[in-house]
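Okay, so here's the structure we're looking at.
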Amino acid sequence: LSFAVWPSVTKEARQAASLSAEAHASTPPTPPRTPPAAAMSYVDVLEVKCLDNPAKYTDDLRFRITFQCKTKTKEDLDWRITWVGSAKDEQFDQILDEVAVPPDVGVNTFEYVVDAPDPSKIPGSEILGVTVVMVQALYKGKEFLRVGYYVKVDYADEHLREEPPEVERPDVALLERNILETEPRVTRYLIEWDDIGVASMAATPEQATGAAG
């Protein structure tokens, strides 16, 4: 699995969500290099797989997450799915779900199924187009990994895509979403684990090639 680095996710996500789908297919910006003194993370995320994609806008979002726990943690890992509702204002972000997962030492895999975003909480003018969905991993309330995907939302019917109705809010029953799963953007954050004061850091391009961890 090959990941590109998203060095400033929140800001970049909002800028990216306002661009066209074609623009998202271009090469991501080159991130700053991280000093070679790599710090250890207790957890490596090996794969995040989008399931049932593309799908209707109203369908559940489904992800299969595989991670490796290198040592026993004192507390559970928290996983969160966030939908960016607006490229202009983070108040429209929706946390679709957050769940605690007790990790076993070794490789762990689970499927994460969450409800679709509530369209009534998204500005009508920003339901269609490109947005972002994020899979976030936290420990003791601190985010240590974020995997972001661009999502294209459009009418399922080709005729409606070519000639969209002039309405304030599109009928979400007519929409579909397509998560651009081949182009995830990954950011790692420095956190404190249980017994050491350092952990995963923003990955260099070399570190980001291969597994997510």
Exercise for the section: Taking side-chain hydrogen bond (donor to acceptor under 3.5 Å, both in side chains) as the test, write out the residues that go with D118, two or more places apart. Expected result: S120
Completion exercise
With sequence neighbours left out, the residues meeting side-chain hydrogen bond (donor to acceptor under 3.5 Å, both in side chains) with T109 are T66
Handout entry: I122 vs S86, side chain to side chain contact (heavy atoms under 4.5 Å, CB included): CA-CA, chis, key distance, verdict
Key = CA-CA 7 Å; I122 300 173; S86 172; over 6 Å; no
Practice task
Flag the pair N53 / N178 as yes when at least one side-chain heavy-atom distance between them is below 4.5 Å, and no otherwise.
Solution key: yes
Handout entry: Backbone N/O of D44 and side chain of S41: donor-acceptor pair under 3.5 Å
Key = no
Handout entry: With sequence neighbours excluded, residues passing side chain to side chain contact (heavy atoms under 4.5 Å, CB included) with D115
Key = D60
Practice task
Report yes or no: does R161 contribute a side-chain atom to a donor-acceptor pair with the main-chain N or O of A156 at less than 3.5 Å?
Solution key: yes
Handout entry: D157 CG to L175 CG distance, which is reported to the nearest 0.5 Å
Key = 11.5 Å
Handout entry: Contact summary for P170 and G124, nearest pair of heavy atoms
Key = CD-O, 3.7 Å
Handout entry: ring pair (Phe, Tyr, Trp, His ring centres under 6.0 Å) partners of residues 64-106, not counting sequence neighbours, each pair once
Key = F67-W79, W79-F110
Practice task
Report yes or no: do V48 and L138 belong to one cluster of Ile/Leu/Val/Met/Phe/Trp/Tyr joined by side chain heavy-atom distances under 4.5 Å?
Solution key: no
Practice task
Identify the heavy atoms of L145 and V147 that sit nearest to each other, and give their distance.
Solution key: CD2-CG2, 4.0 Å
Practice task
Please report the shortest heavy-atom distance between A116 and Y57, naming the atom on each side.
Solution key: CB-O, 3.2 Å
Problem - Contact summary for Y149 and I179, nearest pair of heavy atoms - result: CB-CG2, 3.5 Å
Problem - E75: partners by salt bridge (Lys or Arg N to Asp or Glu O under 4.0 Å), with sequence neighbours left out - result: none
Exercise for the section: Take Q94 and T82 through the side chain to side chain donor-acceptor pair (under 3.5 Å) test and state the conclusion after the steps. Expected result: CA-CA 6 Å; Q94 294 184 44; T82 300; over 6 Å; no
Practice task
Would you please name every residue forming a salt bridge (Lys or Arg N to Asp or Glu O under 4.0 Å) with K56, sequence neighbours left out?
Solution key: none
Problem - Contact list for residues 121-144, test salt bridge (charged side-chain N to carboxylate O under 4.0 Å, His left out), sequence neighbours left out - result: K140-D194, E143-R146
Problem - Listed partners of E111 passing side-chain hydrogen bond (donor to acceptor under 3.5 Å, both in side chains), at least two apart - result: R62
Problem - Whether over 12 other heavy atoms sit under 6.0 Å from K70 NZ - result: yes
Problem - By side-chain hydrogen bond (donor to acceptor under 3.5 Å, both in side chains) - contacts of D59 (at least two apart) - result: none
Handout entry: Y42 OH to T73 OG1 distance, which is reported to the nearest 0.5 Å
Key = 9.0 Å
Exercise for the section: Work out which heavy atom in P117 is nearest to a heavy atom in L61; give both atom names and the distance. Expected result: CD-CD1, 3.9 Å
Handout entry: Pairing residues for Y139 by the ring-ring contact (aromatic ring centres under 6.0 Å, His included) criterion, not counting sequence neighbours
Key = W193
Exercise for the section: Let me see the working for Y155 and E162 under side chain to side chain contact (heavy atoms under 4.5 Å, CB included), right down to the final yes or no. Expected result: CA-CA 9 Å; Y155 286 100; E162 295 176 352; over 6 Å; no
Handout entry: Cluster overlap V114 with L51, hydrophobic side-chain contacts below 4.5 Å
Key = no
Practice task
Please assess V133 against V84 for the test side chain to side chain contact (heavy atoms under 4.5 Å, CB included), listing each intermediate value before the final yes or no.
Solution key: CA-CA 6 Å; V133 65; V84 175; over 6 Å; no
Exercise for the section: Find out if a path of hydrophobic residues (ILVMFWY) with successive side-chain heavy-atom gaps under 4.5 Å connects L180 to M134. Expected result: yes
Quiz: residues 96-105 side-chain donor-acceptor pairs under 3.5 angstrom, not counting sequence neighbours:
from, atom 1, to, atom 2, distance (Å)
D97, OD2, Y112, OH, 2.8
E98, OE1, R80, NE, 3.0
E98, OE1, R80, NH2, 3.2

Exercise for the section: List for me each residue that meets side chain to side chain contact (heavy atoms under 4.5 Å, CB included) alongside R169, sequence neighbours excluded, and say none if there are none. Expected result: I127
Problem - Any donor-acceptor N/O pair, T131 side chain to G85 backbone, under 3.5 Å - result: no
Exercise for the section: Would you confirm whether D78, through its side chain, and D76, through its main-chain N or O, come within 3.5 Å as a donor-acceptor pair? Expected result: no
Exercise for the section: For residues L77 and F144, determine if any side-chain heavy atom of one lies less than 4.5 Å from a side-chain heavy atom of the other. Expected result: yes
